[in-house]
Amino acid sequence: MKAQLVIFLSLCAVSFAISFDFRKLFLRNKKPNPNNELNTLQMIRREGYPAEAHVTLTEDGYLLTMHRIPGKPGSPAIFLQHGVLGSSADWVMLGKEKALAYLLANQGYDVWLGNFRGNTYSRAHVSISQEDLKFWDFSWHESGIYDLPAMITYIVKLKENFLKAYIGFSMGTTCFYVMASERPQIARLLQSTYSLAPVVFMEHVTSPLRYLAPLADDYKVIFSLFGEGEFLPQNYVVKFLSKYLCITQYWEERICVNSLFILVGFDRAQFNYTLLPVILNHTPAGTSSKTLIHYAQGIKSGEFKQYNYGAKRNMEVYNSSEPPKYNLSKITMPITLFCGNNDWLSSPIDVMQLSNELPEKPIIYKVPFAKFNHIDFLWAIDAFELVYKKLLDMLN
Ligand SMILES: *[C@@H]1O[C@H](CO)[C@@H](O)[C@H](O)[C@H]1NC(C)=O
Ligand SMILES: *[C@@H]1O[C@H](CO)[C@@H](O)[C@H](O)[C@H]1NC(C)=O
Ligand SMILES: *[C@@H]1O[C@H](CO)[C@@H](O)[C@H](O)[C@H]1NC(C)=O
């Protein structure tokens, strides 16, 4: 166990060392481009699209902000849900002719961008302050059973119609499968779902998150490393490092210290370094340490099940010493899975297992690019040709 921890820390240290070059740090361009500092609404408006913000309340008191590029009255609604440490901004960063949110808006859809609890746009609760550790006492289980139902029912009520599609990326898929198996009546409000880089079974994950897995049940160690409430809270040091360490003239030679890249890696051929300052301004957008621990537990157990509190506490919470599994056989809707060959978090083998456990066989689309990695689904230079074109065809 100690050895695993040492490996994980060494990995962090290596990526840190690779990124860290004092000399270049001080040679960097004077000031970041002010355009990099825009929020999601401002980014959408800058591209000439209308943008709205809508706030919805979850059953357990969190206030979530959704962003919307409204379509014409009566246009079908499509919901996009970001991944771990991400936000609604992820769907628009590629820019006007390239980002998925705009491509969908151009096709006449009413586009909604969700934000999970704990990220930049959803850091409020009716009675708990975000300074309070209780605010951060959630994992992707709660995001699945509370956040998604709150956002989906809000849209359905406003539109007085079903959602045409749910498009999730990464944790946006994990939470979809939680919601669809735990609250099938909500899933019935969706006509179809598209999972980009689905993360459900995790036995074959190759991300350094793997090295945390053996520690998954030893919260004290993990909490002391990453913070007990928020995962790597954006204190001055982390913020400074993750933001400025890559903004040098020679960043393509290095990996960023940013926690997102440590977890998912990046694909040199498909990564547009010009986007880096924008990405770093929005990522990590914030989540709880418990969310990451829940993932580490999934890697360790190889099962898709609820949070493991340890035998004694599980008995109190679940009336069973093991956490209950999510029952995927309750999911009956048209599903398409998109997977990349080189995805550190969503390996093709794990995606096959998901496919096999769903009662109705999903369509599986393997991205035809050998090095396609996790975040390529959002930001690849050829995301349109490799993924979005196919997705738009399927929607029509
Ligand atoms: C707890 O589980 C036991 C055995 O599985 C069952 O008999 C009992 O009714 C359960 N109790 C509650 C409160 O669900
Ligand atoms: C899972 O759901 C299916 C379909 O509703 C049901 O038949 C089955 O008994 C459930 N399995 C468990 C373990 O609850
Ligand atoms: C990289 O991103 C910049 C800024 O969004 C854009 O102008 C440029 O066309 C992109 N390059 C490629 C190869 O897509």
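As the structure lists them, so they are numbered: ligands from 1, and atoms in each ligand from 1. Count residues from 1 along the sequence. Predicted model, so just to flag it, every value in this text is computed and none were measured.
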Quick note on ligand 2: atoms under 4.0 Å from a heavy atom of K330 include exactly 2 (O), 5 (O)
Is any side-chain heavy atom of R117 closer than 4.5 Å to one of L64? yes
Practice item. Answer yes if L133 and L292 sit in the same cluster of Ile, Leu, Val, Met, Phe, Trp and Tyr residues linked by side chain heavy atoms under 4.5 Å apart, and no otherwise. Key: no
* Quick one: do the Y49 and N106 side chains pair a donor with an acceptor below 3.5 Å? -> yes
S329 heavy atoms within 4.0 Å reach ligand 2 at atoms 1 (C), 2 (O), 3 (C)
State, with a plain yes or no, whether a side-chain heavy atom of W112 is found less than 4.5 Å away from one of L158.
yes
Handout entry: Geometric N/O contact N327 with ligand 2, under 3.5 angstrom
Key = yes
**Item:** Polar side chain donor-acceptor pair, S88 to Y121, under 3.5 angstrom
**Value:** no
Result for side-chain hydrogen bond (donor to acceptor under 3.5 Å, both in side chains) between Q270 and one of N342, D376, D382 points to D382
Using heavy atoms and a strict 4.0 Å limit, residues surrounding ligand 3 turn out to be K98, N272, T274, L275, I381
>> Can you confirm whether L104 sits close enough to L391 that some side-chain heavy atom of one is under 4.5 Å from a side-chain heavy atom of the other?
In response: no
